[in-house]
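The structure under discussion appears below in the form of structure tokens.
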Amino acid sequence: QVQLVESGGGLVQAGGSLRLSCAASARTFSQYTMAWFRQAPGKEREFVAAIIRNYGNAYYADSLKGRFTISRENTKNTAYLQIDSLKPEDTAVYYCAANQKFARATMSREYDSWGQGTQVTVSS
């Protein structure tokens, strides 16, 4: 497992942008598939995006394509989630997750390392 620390959340007006960061403790960060999930109040945790280990191919939840961009800097052991054109329905706690086993993984049970989450609140 690897320790993950998210940052970058906050209160933003609808239409604005945020970039979330996820700092990882792993020496072999490049070997981890990194993902972002989110959980809104009263709802289940949902997959947002992931970026595959090593070569960095990204994939997204179908319903969220277009406004979310996941990226990684292996030299900094950090993954990012850029969110543009924020909407009130994007309000949620955003979690960073990591796994070494599955290259393409969209289910939370496929990830064995999680951060504590960062709150994103979008006002209308």
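- With rounding to the nearest 0.5 Å, the separation of CD in Q119 from CD in E6 is 12.0 Å.
- Residues W114 and Y94 do not share a hydrophobic cluster, defined by chaining ILVMFWY side chains whose heavy atoms lie under 4.5 Å apart.
- Ion pair D112/K101 not flagged as a salt bridge, since none of the NZ, NE, NH1 or NH2 atoms sits closer than 4.0 Å to an Asp/Glu carboxylate oxygen.
- In this structure, V5 and Q116 approach most closely via the heavy-atom pair CA-OE1, 3.8 Å.
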Subject >> Intermediate values then yes/no, ring-ring contact (aromatic ring centres under 6.0 Å, His included), F47 and F37 >> reply: CA-CA 4 Å; F47 171 77; F37 288 76; 5.6 Å; yes

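- To the nearest 0.5 Å, the span separating CG on D90 from CG on L18 amounts to 9.5 Å.
- Legend: ring-ring contact (aromatic ring centres under 6.0 Å, His included) pairs involving residues 67-86, not counting sequence neighbours: none detected.
- Note on V93: it does not cluster hydrophobically with V48, by side-chain heavy-atom contacts below 4.5 Å among ILVMFWY residues.
- Nearest heavy atom pair, residue I70 against residue A58, reads CG2-CB, 3.6 Å.
- In this structure, S25 contributes its side chain and Q3 its backbone to a donor-acceptor pair below 3.5 Å.
- Other residues, nucleotides and ligands place no more than 12 heavy atoms under 6.0 Å from the CD atom of Q13.
- Using modelled atom types, one side-chain atom of T118 and one backbone atom of G9 make a donor-acceptor pair closer than 3.5 Å.
- Inter-residue side-chain proximity for T69 and Y60 is flagged as met; some heavy-atom pair is nearer than 4.5 Å.
- Aromatic ring centres of F102 and Y111: separated by at least 6.0 Å.
- For the residue pair A105 and A50, the shortest heavy atom distance occurs at O-CB, 4.3 Å.
- Taking CD of E89 as the start and NZ of K43 as the end, the distance is 8.5 Å to the nearest 0.5 Å.
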Subject >> Q82 and S17: CA distance, side-chain angles, deciding distance, side chain to side chain contact (heavy atoms under 4.5 Å, CB included) verdict >> reply: CA-CA 7 Å; Q82 175 75 31; S17 297; 3.8 Å; yes

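- A92 and R38 get closest at one heavy-atom pair: CB-CB, 4.0 Å.
- Judged purely by atom type and a 3.5 angstrom limit, Y32 has no side-chain atom pairing as donor or acceptor with the backbone of V2.
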**OP:** Could you walk me through whether I83 and L20 pass the side chain to side chain contact (heavy atoms under 4.5 Å, CB included) test, one step at a time?
**Re:** CA-CA 8 Å; I83 314 173; L20 308 183; 4.2 Å; yes

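- In this structure, CZ on R72 lies 9.0 Å from CG on N77, to the nearest 0.5 angstrom.
- Judged by distance alone, the side chain of T75 and the main-chain N or O of E73 form no donor-acceptor pair under 3.5 Å.
- The heavy-atom pair separating A103 from T33 by the smallest distance is O-OG1, 3.3 Å.
- Between L4 and A24, the shortest heavy-atom contact is CD2-CB, 3.6 Å.
- The CD atom of E110 lies 7.0 Å from the CG atom of N99; values are rounded to the nearest 0.5 Å.
- Side chain of R67 to main chain of S85: a donor-acceptor pair is present (N/O by atom type, distance under 3.5 Å, no hydrogens or angles).
- Note that CG of L11 is 5.0 Å distant from OG of S123, once rounded to the nearest 0.5 Å.
- Under a hydrophobic-cluster definition in which Ile, Leu, Val, Met, Phe, Trp and Tyr are linked whenever side-chain heavy atoms come within less than 4.5 Å, directly or via other members, V122 and Y95 are assigned to different clusters.
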Subject >> Step-by-step side chain to side chain contact (heavy atoms under 4.5 Å, CB included) determination, C96 to M34 >> reply: CA-CA 7 Å; C96 177; M34 302 299 297; 3.6 Å; yes

**OP:** Kindly indicate, with the supporting measurements, whether the criterion side chain to side chain contact (heavy atoms under 4.5 Å, CB included) is fulfilled by D62 and L64.
**Re:** CA-CA 5 Å; D62 288 341; L64 300 177; over 6 Å; no

